[in-house]
Structure formats: C-alpha cells, structure tokens
Student: 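Before I ask anything, let me first share the structure, which is written out below as structure tokens.
The chains referred to below are lettered A, B, ... by the order of the sequence lines, with proteins before strands, and numbering in each begins at 1.
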There are 2 protein chains.
Amino acid sequence: MTAVLVIDDDPYLLRALRITLQAHGYAVSTAADGRSSLLAARQNAPAVVILDLGLPDLDGTSVIRELRSWSPVPILVLSARHGSEDKVQALDAGADDYITKPFGLDELLARLRALLRRSIDPEQTPVITTDAFTVDLAKRVVLRDGRDVRLTPTEWHMLEILVRNPEKLVTQQQLLSEVWGPSYAKETNYLRVYIAQLRRKLEPDTSNPRHLITEAGVGYRFRP
Amino acid sequence: MTAVLVIDDDPYLLRALRITLQAHGYAVSTAADGRSSLLAARQNAPAVVILDLGLPDLDGTSVIRELRSWSPVPILVLSARHGSEDKVQALDAGADDYITKPFGLDELLARLRALLRRSIDPEQTPVITTDAFTVDLAKRVVLRDGRDVRLTPTEWHMLEILVRNPEKLVTQQQLLSEVWGPSYAKETNYLRVYIAQLRRKLEPDTSNPRHLITEAGVGYRFRP
DNA sequence: GCCTATCTTGACGAATCCTTGACGCCGTTG
DNA sequence: CAACGGCGTCAAGGATTCGTCAAGATAGGC
C-alpha cells in the first residue's frame, strides 16, 4: 500500500486528509510540526509527502531542504497565501507541486496520483531527437549531422535540464540554482553566455533559434 | 443529487428559491442567519452556497470568510444594493459570483450551473481548453490553432489568475495586488491595457470577447 | 613552470517589455 | 441634453532584459 506522510498543524485539516486518503487506499502517517515530521519521514519512508508551509516551529522551505538533503521523495506543498513568491521559493527548495488553500480534495488526489506516476518512471526515453541534433542522456553525447558535438560540463548541465523538460518553461532561478547553486540566483548573465554557446553549437541558425527558446524575463524553453 | 445551501432571512424569498431549485433537481437546505448557516454548511457539505448579504446577526463578508477558511465551496452572493462597494467586498472576501436583487430565476439558475461546472472539474490536469485556445499551466504554454502564443510575463500572470478560477468573478483589486502588488490597487488602467492585449492574442473576435469577460466596475471573469 | 580548456566578469547596442498619457465610445446620471 | 465615469485602443517614451564579444581568472594536464 502506498504510504503518505501528511505534515500540518491544523488538526481539523489533518483529520480530514487522513480520512480521505485512507478511504482512497493510502497508508497515512501524520506530523504536526517540522521537527517531528523529519523524524517521521526517516522512520516511515513514505512514497510521497504532503507539507503545509505554515508550520509553528520551522520554515516550510527549511523542511523541504532538510528532506531533499537525503531523500528524493516527491513533496506536495499546501499554502494559504496566493502570492507566487513562496510558491517559487518552495519549488526552488525542491518541492514537486503546489496547491493553494482552500483546495478541492479531488484536485489534491489528482496531483498526488500525478506525482506518484512521475516518481515511478523518472526516465522515459533517454534519447531526445530534434531535426537539428540528438541528445543521448544516458551516454552524455550530443550528435549533429552524424558527428558528436563537444560540450563543456556546464554547457551539458544546462542542456540536460532543458532537454529533460521538453516544451516546459524552465525558470532562470531553476537553471541557476541547479547548475551553479542557490546563491547564484541573480547572475543571469551566466545564462546568457551559456545559452549563446549552446545555440552556436547546436542551432542551425544562431540568430533565429528554434529549439532553445528564450522567454524574456522568465527563463528558457526546449522545443524538440 | 446536487446539494445547495440557501442562506437568507426573508422567508418568502427562501420559500420561492427552495421550490424553484427543487423543481430543477437540486437538494435544498436552508438557513436564516449567519451562525446557523455555518453549522449547516459543515453538516450538509453542499456543492454550492447561495448567500444573501443582508443577514440579521453577522456581516455577509464575515460569513464568506468563515466558510472560506475551511472549504472551497463556490459561493453565489445576493444583494439588494446596486452600489458596487459591497459587491467588491464580498468578492474580495472569497465569493465567486454575484447577483443584484431583483433577479430573474433563469439568470440565477444559469450562474448556478456555471459555478457547479467549475467545481465539478477541479483542474485534474493543469490544462484548460476553450474552443479558441488552450492553456497549459505546467508548461506555461498557450496554444491557439496549434501554434503557441507568445505572452509576456505580465500577460501570463493575469491570464493564469483568471484561468485558475473559471467562471469566477475576479476583482480588479485581486488582479492588481496579485500581479503588481497591493500598492497598485487603483491603477485600473493597467488592467485595461493588458486585458486588451490578451484579447487581441486569444479571442477570435476581439471586439466581442467570449472568454475574457469584463464586469463593469467590478472586475473580470474567465469563461471556458 | 607552461599550455590549454573552461569559467567568470564587464561592457555595449539591440530587442523586448512596461509604463504613461491621450482619445473616443458607451451607458448612466443629473 | 450635457456631464461624467468606466472601458477599449493606440502609440510613444523609458526601463529591463538579451545577445554578443572579448578580456582576465582559474584549474588541470604535461
């Protein structure tokens, strides 16, 4: 049976979630604050974690970071605020998905299913092909016109992130914190330099990129 | 059968609504003041709430806030006054839609259906489709006629808020404080400019918008 | 120590995006 | 009828952000 750990300090919401999740076949364990939740996560080894950001003792993002330091378990975040700042912070810290309160229980269940589905097969096809080049994620090789393209470690790291999320917009912060670390969140000129190098090596027409698309002010997107 | 909770202190209106709603296949429960209505909402778990603002004991916005603190149930507000102040207050407190008395029963039924449609489909996949365009919230992509539409960060931010709340009337203040920050609450010209740009990019007939609807003096609404 | 590959940093026009004001239209009010 | 407020439209600036280049800085191999 799938094990779920629910972390929330609101006893009513905790009870409601426990009942609903158990009714849908999950094994539920709960925690009401950050410290005990970290213990519970180590002991129960849940398949997915549901975390409320408004905890009494620890900051929500700290809990996420602690968890992420030793476990890849999917984390679904609940928050009362509608603003997008804490959303971005939580996702940057390593959360996988996000719901704003109040939310419908069917929506919660749907997102839970989606997270579990994703964690079961994390690597679909390790080979991505476009009409200009081919990326083999397993072999760490990029081919263009039959010959392989030399990429530096940093170039490869950036390309890998973009290619693993086809069609999806990857935030500047996501790229920076993934490649250079969270403290480089404002060095957007790094991105400009390396995107330019990737384009020069991969795009047929450098000044008219068709696969590495920039979204001004937000981030970049890979289009197959 | 769909459960509706009607909250009103006028016995005649209450009786008329009960009869009409039951005749259209709804299961109706009623309450005549704020306190008993909150109890009834917890016990009956209605699919939608119809709330008259002029209650004897509690302020209407307080009832909305109480409900919203634990439930995402759609709230349809009735009010006698024609002014837009209480309208905006109720919507800011978390109401979903609004009708001014006196109102036609067919209009009430139409709005009820619209709100229920929204609550039945709680964005299982974060993809919203209309007959003119498709919004993918996860990938941050908008498709129209198969091609993707290029949106600026601010345009996307506004569209996301509206699309995440289908059929809901979103206040000007809600949009402004979410996108530009709380101190921009009176710069309604921003809304006019960006709504116009969104319509130009998304609506088939710009001068006759069918999905991005403006409610004069109050706000905007997304209709799927 | 020297050489090479890679990464960092700064600067500059160019492209994109946001802000702001003006104008006309429409429905409502007095 | 005239005045008014809310809305849609447009375009011109000003502010950000992007692409590009090249010159140090750093690290690793020989």
Side-chain angles (χ1 to χ4, degrees), chain A residues 140 142 148-159 162 169-173 175-176 178-181 183-221, chain B residues 81-85 87-88 91 100 140 142 148-160 162 169-173 175-176 178-181 183-221:
Chain A
R140 279 183 159 260
V142 182
D148 63 26
V149 182
R150 278 186 64 88
L151 293 185
T152 73
T154 309
E155 288 167 4
W156 171 262
H157 203 172
M158 275 198 61
L159 180 65
L162 290 170
L169 199 167
V170 183
T171 304
Q172 292 175 344
Q173 277 71 15
L175 283 169
L176 285 167
E178 178 92 10
V179 178
W180 284 271
S183 56
Y184 288 70
K186 290 181 179 173
E187 307 287 340
T188 57
N189 45 335
Y190 289 11
L191 299 180
R192 299 210 297 279
V193 170
Y194 279 94
I195 281 285
Q197 288 176 359
L198 281 174
R199 287 210 258 245
R200 199 174 321 128
K201 292 184 177 179
L202 300 179
E203 290 275 5
D205 181 4
T206 305
S207 58
N208 251 28
R210 293 192 306 166
H211 302 105
L212 300 174
I213 312 297
T214 135
E215 301 275 346
V218 189
Y220 293 87
R221 182 197 310 275
Chain B
R81 271 164 276 169
H82 254 284
S84 65
E85 288 183 18
K87 205 184 300 194
V88 172
L91 292 168
T100 305
R140 199 189 186 283
V142 182
D148 60 35
V149 182
R150 178 157 277 268
L151 294 185
T152 73
T154 309
E155 288 167 3
W156 171 263
H157 205 340
M158 276 197 60
L159 180 65
E160 184 180 8
L162 291 170
L169 210 174
V170 182
T171 301
Q172 293 175 344
Q173 279 74 10
L175 283 169
L176 285 167
E178 177 94 10
V179 178
W180 283 271
S183 56
Y184 287 71
K186 289 182 179 173
E187 307 286 340
T188 58
N189 47 332
Y190 289 9
L191 299 180
R192 298 210 298 278
V193 170
Y194 280 94
I195 281 284
Q197 287 177 356
L198 281 175
R199 288 210 258 245
R200 198 177 322 129
K201 292 183 177 179
L202 300 179
E203 290 275 6
D205 182 5
T206 306
S207 59
N208 255 35
R210 293 192 306 166
H211 302 105
L212 300 173
I213 313 297
T214 134
E215 303 275 345
V218 185
Y220 294 87
R221 179 200 312 270

Student: For the ring pair (Phe, Tyr, Trp, His ring centres under 6.0 Å) test, which of B:Trp156, B:Tyr220, B:Trp180 pairs with B:Tyr194?
Tutor: B:Trp180
Student: Can you find a side chain N or O atom of B:Tyr194 that sits less than 4.0 Å from OP1 or OP2 on C:dC18?
Tutor: yes
Student: Counting just side-chain N and O atoms, does B:Arg192 come under 4.0 Å of either OP1 or OP2 of D:dG6?
Tutor: no
Student: Write down the distance between CG (B:Asn208) and P (C:dC26), rounded to a whole number of angstrom.
Tutor: 13 Å
Student: CE of B:Met158 versus C1' of C:dC18: gap in Å, rounded?
Tutor: 14 Å
Student: Which nucleotide wins on minimum distance to the side chain of A:Arg199, given the candidates C:dC17, D:dG19, D:dG8?
Tutor: D:dG19
Student: May I ask you to evaluate whether A:Arg150 reaches the phosphate of C:dT6, defined as a side-chain N or O under 4.0 Å from OP1 or OP2?
Tutor: yes
Student: So do the side chains of B:Arg140 and A:Val218 get within less than 4.5 Å of each other, counting heavy atoms only?
Tutor: yes
Student: Step by step, would you call A:Arg210 with A:Glu203 a salt bridge (charged side-chain N to carboxylate O under 4.0 Å, His left out)?
Tutor: CA-CA 7 Å; A:Arg210 293 192 306 166; A:Glu203 290 275 5; 5.3 Å; no
Student: With a 4.0 Å cut-off on N to O distance, would you call A:Glu155 and A:Lys201 a salt bridge?
Tutor: yes
Student: In whole angstroms, how far is the C1' atom of C:dC18 from the CG atom of B:Asn189?
Tutor: 12 Å
Student: Please determine if a side-chain N or O atom of B:Tyr190 lies less than 4.0 Å away from the OP1 or OP2 oxygen of C:dT20.
Tutor: yes
Student: Using a heavy-atom cut-off of under 4.0 Å over every strand shown, decide if A:Thr154 touches base, sugar-phosphate, or nothing.
Tutor: sugar-phosphate
Student: What is the distance from NE2 of B:His157 to P of C:dC18, rounded to the nearest Å?
Tutor: 11 Å
Student: For B:Ser207, answer base if it contacts any base atom (sugar-phosphate contacts may also be present), sugar-phosphate if it contacts only those atoms, and nothing otherwise; contact means non-hydrogen atoms under 4.0 Å.
Tutor: nothing
Student: Round to a whole Å and report the spacing from CZ of A:Arg200 to P of C:dT6.
Tutor: 13 Å
Student: Under 4.0 angstrom, heavy atoms only, what part of the nucleic acid is B:Tyr184 near: base, sugar-phosphate, or nothing?
Tutor: nothing
Student: Just compare C:dT9, C:dT19, C:dC18 and give me whichever is closest to any side-chain atom of B:Val193.
Tutor: C:dT19
Student: Just how far, in rounded Å, is P of D:dG6 from CG of B:Leu175?
Tutor: 17 Å
Student: Quick one: is C:dC18 close enough that its OP1 or OP2 comes under 4.0 Å of any side-chain N or O from B:Trp180?
Tutor: no
Student: Checking all strands, does B:Gln172 fall into the base, sugar-phosphate, or nothing category for heavy-atom contacts under 4.0 angstrom?
Tutor: sugar-phosphate
